[in-house]
Amino acid sequence: MYKIAVIPGDGTGPEVVREGLKVLEASGKKFNFKYETKTFDFGGERYLKTGKTLEDKDIEELRKYSAIFLGAIGHPEVKPGILETGVLLKLRFSLDQYINLRPVKLYNSVYCPLKDKKPEDIDFVVVRENSEGLYKGMGEFQKKDTPDEVAIQISYNTRKGVERCLRYAFEYTRKRDKRKKLTLCGKTNVLTYAWDLWERTFKQVAKEYPDITTDYAHVDATTMWFVKNPEWFDVIVTDNMFGDIITDLGAMIQGGMGIAAGGNINPQGVSMFEPIGGSAPKYTGQNVINPLAAICAAGMMLEALGELKAAKAIEEAVIKIVGTKLKSLAAGKMGHSTSEIGDLVVSNLQAEVIK
Ligand code: IPM
Ligand code: MN
């Protein structure tokens, strides 16, 4: 019996989470796994009412769950930064979800903005470090509000933090068993402390994985290759900030935010799965947002829980719909409503023959 904590969150979060749960229910029936859910109201509305983001007791409560399914955090009436650090980053950090796993997979070339790229050309995974780097929030102002002001923002990288991320990436590349290639994405030519540590550790850990081919790309070049030769990549490992940036580009080449899912992983603890597109406030309540990213996130959650057949079946159902049924993957242009797409995934899932 899995215990799933559900955080629908803000904006279109609740609408896409509803569809994710619909698909979860159908796959539970089909693949015989049982789960219970509890919904938590963390997010912008609650903050506006109570002034509270996330308290330590909330974190303690969430530790009891098998996984967390998150919609989106971000509210137009709350000053940027409060909910991001107070809810989303607090969850990631307190639960030590030190990996942010973001698959970039094109399901149908029709939705790819790159010319002549096919599904087999865009199929890689970004392993983003999720607990350190610039996201650590270290720094200070000096001489604030004077003409001589200095703002310092520190990228904090520990040997242990870097090494556990790299080990996860090597293991993941091996388990994925595709091209068995791991690319370190960094900036060794300028950020000479942080990326020296990353590169040294990368080379050292690589010795334990002779079956994995390794290479290195600067982050700026990486964005160029995403557009020019995405087929070069299998698994990419990078730090928190670069991972944030390159995965938005990754989402665009796989068809947009409507389809991009991610997992915040603590391999020894509670992991959290989310569509990476954010709360899209302007589409709230209109039943036009694309729920496929949330549905894919639910699939990733099942994979992490060990329900591999169910995870695979969800992906197959999504591939089917993306291949035949949708006019576009963008909100309002799909030719179907949010809930219709959830229903389509469910009916395809139910019709699938399990091998
Ligand atoms: C993401 C988001 C978050 C991040 C924001 C909302 C804090 O952009 O999940 O990529 O920067 O990590
Ligand atoms: Mn981001």
Side-chain angles (χ1 to χ4, degrees), residues 6 8-27 69-74 76 102-119 121-123 230 247-263 273-302 310-352:
V6 180
D10 303 319
T12 51
E15 289 165 71
V16 298
V17 158
R18 199 175 305 131
E19 302 314 310
L21 292 175
K22 212 188 245 180
V23 173
L24 198 64
E25 193 184 331
S27 46
F69 185 41
L70 171 73
I73 299 292
R102 298 189 162 182
V104 176
K105 197 165 176 182
L106 178 65
Y107 290 130
N108 182 346
S109 46
V110 168
Y111 307 122
C112 183
L114 307 178
K115 194 155 76 85
D116 300 333
K117 294 295 175 193
K118 294 182 277 310
D121 297 323
I122 302 180
D123 181 4
T247 54
D248 267 23
L249 181 57
M252 290 323 288
I253 63 170
Q254 75 179 119
M257 288 298 183
I259 190 89
F273 300 84
E274 55 174 341
I276 74 174
S279 61
K282 70 175 178 187
Y283 297 116
T284 304
Q286 297 175 31
N287 203 20
V288 297
I289 194 81
N290 189 345
L292 287 175
I295 291 169
C296 291
M300 287 182 77
M301 176 167 76
L302 288 176
K312 186 89 195 106
I314 292 176
E315 188 178 27
E316 302 273 306
V318 169
I319 290 175
K320 203 138 181 231
I321 286 158
V322 167
T324 56
K325 301 273 191 216
L326 304 186
K327 289 208 185 101
S328 157
L329 297 180
K333 300 186 184 138
M334 304 179 294
H336 290 277
S337 68
T338 306
S339 47
E340 278 169 5
I341 291 181
D343 293 340
L344 281 171
V345 176
V346 166
S347 54
N348 273 286
L349 185 75
Q350 284 164 340
E352 260 172 50

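Just so you know, these numbers come straight off a predicted model, no measurement behind them. Position 1 is the first residue of the sequence, and the numbers go up from there.
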Enquirer: Show your working on side-chain contact (heavy atoms from CB on, under 4.5 Å) between Ile295 and Ile314 and close with a plain yes or no.
Expert: CA-CA 8 Å; Ile295 291 169; Ile314 292 176; 3.8 Å; yes
Enquirer: Give the C-alpha distance, both sets of side-chain angles, the deciding distance and a yes or no for side-chain contact (heavy atoms from CB on, under 4.5 Å) between Met334 and Ile341.
Expert: CA-CA 9 Å; Met334 304 179 294; Ile341 291 181; 3.5 Å; yes
Enquirer: Does a side-chain heavy-atom distance below 4.5 Å link Val318 with Val23?
Expert: no
Enquirer: Listed by chain and number, what are the side chain to side chain donor-acceptor pair (under 3.5 Å) partners of Gln286, not counting sequence neighbours?
Expert: none
Enquirer: Keeping the roles fixed (side chain from Tyr111, backbone from Ile259), state whether a donor-acceptor pair exists under 3.5 Å.
Expert: no
Enquirer: What distance separates Asn108 CG from Thr324 OG1, expressed to the nearest 0.5 Å?
Expert: 9.0 Å
Enquirer: Taking side-chain contact (heavy atoms from CB on, under 4.5 Å) as the definition, give me every residue that meets it alongside Ile321, ordered by chain and number, with sequence neighbours left out.
Expert: Lys325, Leu326, Leu344, Val345, Asn348
Enquirer: Check side-chain contact (heavy atoms from CB on, under 4.5 Å) between Pro281 and all other residues, then give those that pass, not counting sequence neighbours.
Expert: Pro76, Ser279, Thr284
Enquirer: Restricting to non-hydrogen atoms, name the atom on Ile73 and the atom on Gly9 that form the minimum distance, rounded to 0.1 Å.
Expert: CD1-CA, 4.3 Å
Enquirer: Rounded at 0.5 Å granularity, tell me how far SG in Cys296 sits from CD in Glu315.
Expert: 7.0 Å
Enquirer: With a 4.5 Å cut-off on side-chain heavy atoms, are Met257 and Ile276 touching?
Expert: yes
Enquirer: Would you give the length of the straight line joining atom OG of Ser27 to atom CD of Gln350, rounded to the nearest 0.5 angstrom?
Expert: 10.0 Å
Enquirer: What are the two closest non-hydrogen atoms of Ala293 and Ala261, and how far apart are they?
Expert: O-CB, 3.4 Å
Enquirer: Can you see which heavy atom on Gly74 is nearest to which on Asp10, and at what distance?
Expert: N-OD2, 2.7 Å
Enquirer: So, taking the atom named CG in Asp123 and the one named NZ in Lys118, what distance separates them when rounded to the nearest 0.5 Å?
Expert: 14.0 Å
Enquirer: Work out which heavy atom in Leu114 is nearest to a heavy atom in Pro230; give both atom names and the distance.
Expert: CD1-CG, 4.2 Å
Enquirer: Residues in side-chain contact (heavy atoms from CB on, under 4.5 Å) with Asn287, at least two apart?
Expert: Ser337, Thr338, Ser339
Enquirer: Could you tell me which non-hydrogen atom of Ile253 sits nearest to which non-hydrogen atom of Ile122, and how far apart they are?
Expert: O-CD1, 3.6 Å
Enquirer: Working to the nearest 0.5 angstrom, can you tell me the gap between Lys312 NZ and Leu302 CG?
Expert: 14.0 Å
Enquirer: Check step by step if side-chain contact (heavy atoms from CB on, under 4.5 Å) holds for Val322 and Val110.
Expert: CA-CA 9 Å; Val322 167; Val110 168; over 6 Å; no
Enquirer: Could you tell me which residues satisfy side chain to side chain donor-acceptor pair (under 3.5 Å) with Glu15, sequence neighbours excluded, listed by chain and number?
Expert: none
Enquirer: Can you name the side-chain contact (heavy atoms from CB on, under 4.5 Å) partners of Ala294, sequence neighbours left out?
Expert: Val16, Phe69, Pro275
Enquirer: Would you compute the distance between atom CZ of Arg102 and atom CE of Met300 and round it to the nearest 0.5 angstrom?
Expert: 9.5 Å
Enquirer: Between Thr247 and Val104, does the side-chain contact (heavy atoms from CB on, under 4.5 Å) criterion hold? Intermediate values first, please.
Expert: CA-CA 8 Å; Thr247 54; Val104 176; 5.6 Å; no
Enquirer: Going by an N to O cut-off under 4.0 Å, is there a salt bridge joining Glu352 and Lys320?
Expert: no
Enquirer: Less than 4.0 Å between a side-chain N and a carboxylate O, is that true for Glu19 and Lys22?
Expert: yes
